Amino acid sequence: MNLGNKKNFSPIIPFIIILAIIISLSPTTISAQENTTNSEIQNITETTADSIEINLEENSICENDSHECSFPPYKISYSNVIKENNLPKKALLISDNPGTNILNDAACDILNTYKDVNIQVRSCNQICKMNENELYTLVETSDIVIINWLTSDADSVFTNLLLKYPNLSNKELFLFLETSSSSQAKNLHLVRNSTINHKKIFSDKSIYTEEFLNNYFSMTKRGQNYNVYYEYITNGDGKLVNEEFNKAVLYKNYNNKENQINEILWALNITGYECKYSDPRFSKTYEYGIFREQYMTLEEYKKKYFNSSRPYTVGLLESNMYVSNGQLQPYYALIKSLEAKGCNVIPVVAAGGSENQLKVMVKYFTNAPSYEAYLNNPLKYTNNVNAIISMPAYGIGGNLFDNTTKYFETAGVPVFRAVHSDYVSNEEWELSATGLPGNRSDKWWHVAIGEAQGIIEATFVGGVTHEISSKTGAQLSGFKAHEKNIDLFTKRIVSWINLQYTVNSDKKISLVYFNYPPGKQNIGSSYLDSITSVYNLLYELKSQGYNVGKLPTTVKELEDMMIKSGINVATWAPGELEKLSNQPNIVLLPVAEYENWFNSLEPISKVQVIEGPVAYIGQLARNAIAINYTSPMKDIINDWYNGVKSLLPENYTESGVLLLNKIVAALNKYLQTGKDGDYQEYLSLKSQWKALNIPGLNGWGEAPGNIMAVTKNGVEYFVIPGLKFGNIFIAPEPQRGWEAKSDLLYHSSAVAPTHQYLAAYYYMQKEYSSAMVFIGRHATHEWLPGKEVLLSTTDYGSIVVGDVPQIYFYISDGLGEGLEAKRRGFAVMITHLTSPLAYTSLYGNLTAIANLINKYENTTDKTQKDTIAFSIKLLIERNNYIQSMGLTQEEFEKLNLNEVVKSADKFLFEVQNTLYPLGLHAIGQNWTVTDISRSVVAALSQEFTYDGITTTIFDEVAKYLFSKKYSELCPRKR
């Protein structure tokens, strides 16, 4: 879908015109003396009005990850402002992490012009980590100290410092503009240290009482409505405060780069350094809207950024907190990547977890006048986007969570999740086994709650970065886009859009079923008739216009074809493999072609396939040392150890465990020391492990390995079993391997897949790229080695699916394992019914026992009762029911006849209350009336509460027919 492209329009022009008018105003000298009134605060203008030029440069997004660049992208140029009589000045500026980013950008611009100024910027985190001497020296050597904001921890640090050195604040400018809310009341003595021209401005306690200061700093803290604090300092009690301090507060509150530049220039000016500055300027704030370098209307945005040659449009949602913080690196990287792949992008921002998230999406992603109108009649309106990317953590829509979910459901486009972490760097994420920290509920905030709204393919797009500015010493907190993951993520998005808009007859799809263990009798999945399901799907695809060629006419015919050409072959059956490879139309993939693809993978991925898990864990330790991130490695190594140990064949247990223990010890030592000598010890142990030659745990060697590979006319091939029906390829998921304990390989996250396994998935990616469709629970690719969530391009779950959409028919009661398929297999789930269920009916001798119990209960004659009871006892003994009744022979013999009858009745009750499946469900096949009725009865047999009464359908029917509870009935009546 394309929203069109109009002539470019620069929203900068009106801003420049307004700026020219401001500059043309007559300059006014600003007094720094304390007795200056506030009456003119609204008209503060520049001092030393030589010249100023604010140049908003188009498309000046940083080309690298450096924080030294100007961002958001505007540059202020100064001319004729450096005075020969200026003395060098040193300023120290302190704020929280987001404020530090903005202060640093502002300071860097000034430092590029004023060569005799030294500006140091520190975050509160940096302050807390400094020792007393370091902080004292930094403050003592500064002419100007401005603390825009302090955390409670940094409050304590400064409190202790000033108690010990009370004269440290005696400077030309020393300002505490805001302390943390939690410590404001107890730290008012900090703000009393605020000094202008060596005079403490809050020293008069008759005016600046504790109550006054509490109120002042509450009214002027960041985040308040602009009109509230502006009115307070101009017409309220705030006007009693020094006007220069009030001005500094306004600079702090109008927390953008332009105001921070002018705050620094103002501070330099009032401390005797000749330079010009502009007064604090409030820029209109937006609750939500389109944002790309600046806020725009949809029409303005389309004129500037839309390209009519791009066939698709993607909506992008981010939290607006990152706009003011200048932390939009992943946001812009996603835009860039999508545009490079032929997608226009509509990027919008709104407060996280707010109703505005739904409002902004409906406003710009549809043509509806409001979200209420859209949800009332979605078909009435047009969607402007073909896909949506959601970046904010937590649920989308705030109080409108359910309405937002409904919007996603009715929009008819896929919604994707892009995750950036505030705690984990790209390098740390790559190294991790979990993908997200497990101690911060991140999986809930970033992944699980989005899944509840139907958001798919949660993908890591950027991690936190803490770089030290070479110019200011500031620790810069932001995000670093993960370019490789973003590239693959946006390819997947385009693939999903292509799947929706490609003509059905041109779509090429793989239908993947399960053949585990390999062999003719093992096609199936959990409570699903896989063969019938494939058959039904093929005919459904045909009815929808897919090219399916000539189809088999019966399920049995398809089954015969699958057994002949669509099964995996184990290594011990070379004759079967040769027979399979000679089948007409069987896929023979040249090993050389596979190797070209395999060699494009990252080294960490290749080494695990070729050399095995021991080589992999050593390389991972090496990588951890390289990035100085060894803290999680102990847990990673322990999990790895347990995984490998569980796969050891019995005849290798003793020698294998002994060597594994030594390998773990050597790697832990290396991770502590980082010394090459310790790594050499590991390499020596690795060689010993290789010499053990434990099947399956030494890697699969160089391609092709020994699994389903043949040589024909001197050329090596992988055999890829399967059947082709036009553009549809039906195939078994490739086998995980047959060495070691093959049954445990099914869920193993310690052993890499074989070359043939990878080759089969490569073939499906290359030749049937529209989609892979998995038939039933469950495959093995979602259990391959890699992260728990947010897979990397080096994780095998990501490698095998590539950029192909994944669709998974999954049993409806498989929630736990289904999460693995969603998070580690990138699957969009289509749940299917379980098999129909019914309660077990009595048959044969069980029916005979039930009839005898019925006679026993309806007979009053003791002799007859004993005769009947004895007959029941004989039937139990002759049919070997004693053990099924939970009794030993000795215990049974001790029962009197009445106890035998009671035990038999209890046994039949348990049998009658056992649910069993009525055959297997098949996709595309409706249940019979009998299936439905029995399953409904089974569901209603469970306890439920109605009108405050807890009951079951069985109890209600028993009460109606026999005036008894169900459990009180004899077997026949039950």
Side-chain angles (χ1 to χ4, degrees), residues 316-322 325 327 330-331 334 349-358 361 388-409 414-426 428-464 477 479 482 485 489 631-632 635-636 639 749 782-783 786-792 795 797-798 806 808 810 812-829 831:
L316 176 64
L317 174 68
E318 175 60 298
S319 171
N320 60 5
M321 68 178 286
Y322 299 114
N325 295 351
Q327 295 178 332
Y331 178 82
L334 283 166
V349 296
S354 74
E355 297 178 358
N356 288 336
Q357 292 175 313
L358 175 58
M361 287 190 292
I388 297 171
I389 303 174
S390 171
M391 298 186 72
Y394 196 60
I396 306 302
N399 292 331
L400 297 177
F401 181 92
D402 291 339
N403 283 329
T404 304
T405 304
K406 184 177 179 182
Y407 163 66
F408 289 153
E409 290 172 351
V415 185
F416 300 87
R417 181 76 176 93
V419 177
H420 47 74
S421 174
D422 295 326
Y423 313 109
V424 177
S425 71
N426 288 351
E428 292 166 350
W429 167 76
E430 284 279 10
L431 191 68
S432 74
T434 59
L436 281 174
N439 59 344
R440 312 185 66 100
S441 299
D442 277 18
K443 290 178 186 175
W444 166 253
W445 304 123
H446 286 295
V447 180
I449 198 167
E451 290 171 341
Q453 292 189 288
I455 300 175
I456 63 173
E457 294 205 15
T459 301
F460 185 85
V461 296
V464 69
S477 298
F479 298 109
H482 197 288
N485 242 36
F489 180 52
S631 55
D635 289 339
I636 291 173
D639 290 342
S749 59
E782 64 260 37
W783 302 94
K787 296 172 184 51
E788 292 177 9
V789 293
L790 306 183
L791 271 60
S792 164
D795 292 326
S798 180
Q806 304 293 299
Y808 214 136
Y810 216 88
S812 57
D813 67 356
L815 176 62
E817 291 185 313
L819 288 177
E820 295 294 309
K822 292 174 70 171
R823 297 174 182 179
R824 307 189 78 246
F826 299 93
V828 171
M829 313 296 285
T831 54

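Below, all heavy atoms of this structure are taken into account, side chains as well, without hydrogens, waters or symmetry copies. The structure presented is a predicted model; accordingly, all values stated were derived computationally and were not measured.
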Tell me, do Glu788 and Lys443 make a side-chain contact under 4.5 Å, heavy atoms counted?
yes

Residue pair Leu400 / Tyr407, side-chain heavy-atom distance below 4.5 Å:
no

Would you say that more than 12 heavy atoms from the other residues, nucleotides or ligands in this model lie under 6.0 Å from the CG of Asn399, or not?
no

Any side-chain heavy-atom pair of Glu817 and Tyr810 under 4.5 Å
yes

Quick one: do Tyr322 and Tyr331 satisfy side-chain contact (heavy atoms from CB on, under 4.5 Å)? Show the steps, please.
CA-CA 9 Å; Tyr322 299 114; Tyr331 178 82; over 6 Å; no

Applying ring-ring contact (aromatic ring centres under 6.0 Å, His included), name anything that partners Phe826, two or more places apart in sequence or on another chain.
none

Relative to the ring of His482, is the ring of Trp429 parallel (under 30°), tilted (30 to 60°) or perpendicular (over 60°)?
perpendicular

Is the shortest side-chain heavy-atom distance between Ile449 and Trp444 below 4.5 Å?
yes

Sidechain N-carboxylate O distance under 4.0 Å for Glu451, Arg417
no

Taking side chain as C-beta onward, heavy atoms only, is Phe489 less than 4.5 Å from Leu334?
yes

Just so I know, are the side chains of Leu358 and Phe401 near enough to count as touching, which here means a heavy-atom distance under 4.5 Å?
no

Pair Gln453, Val415 - check side-chain contact (heavy atoms from CB on, under 4.5 Å), show working.
CA-CA 9 Å; Gln453 292 189 288; Val415 185; over 6 Å; no

Would you check if the side chain of Ser432 reaches a backbone N or O of Gly435 as a donor-acceptor pair within less than 3.5 Å?
yes

Is Asp639 reaching over with its side chain to a backbone N or O of Ile636, donor-acceptor style, under 3.5 angstrom?
no

Go through it in stages, so that I can follow the logic: the residues are Tyr808 and Glu782, the test is side-chain contact (heavy atoms from CB on, under 4.5 Å), and I'd like the CA-CA distance, side-chain angles, deciding distance and then a yes or no.
CA-CA 11 Å; Tyr808 214 136; Glu782 64 260 37; 2.8 Å; yes

Just wondering, do Phe416 and Thr459 contact through their side chains at under 4.5 Å, heavy atoms?
no

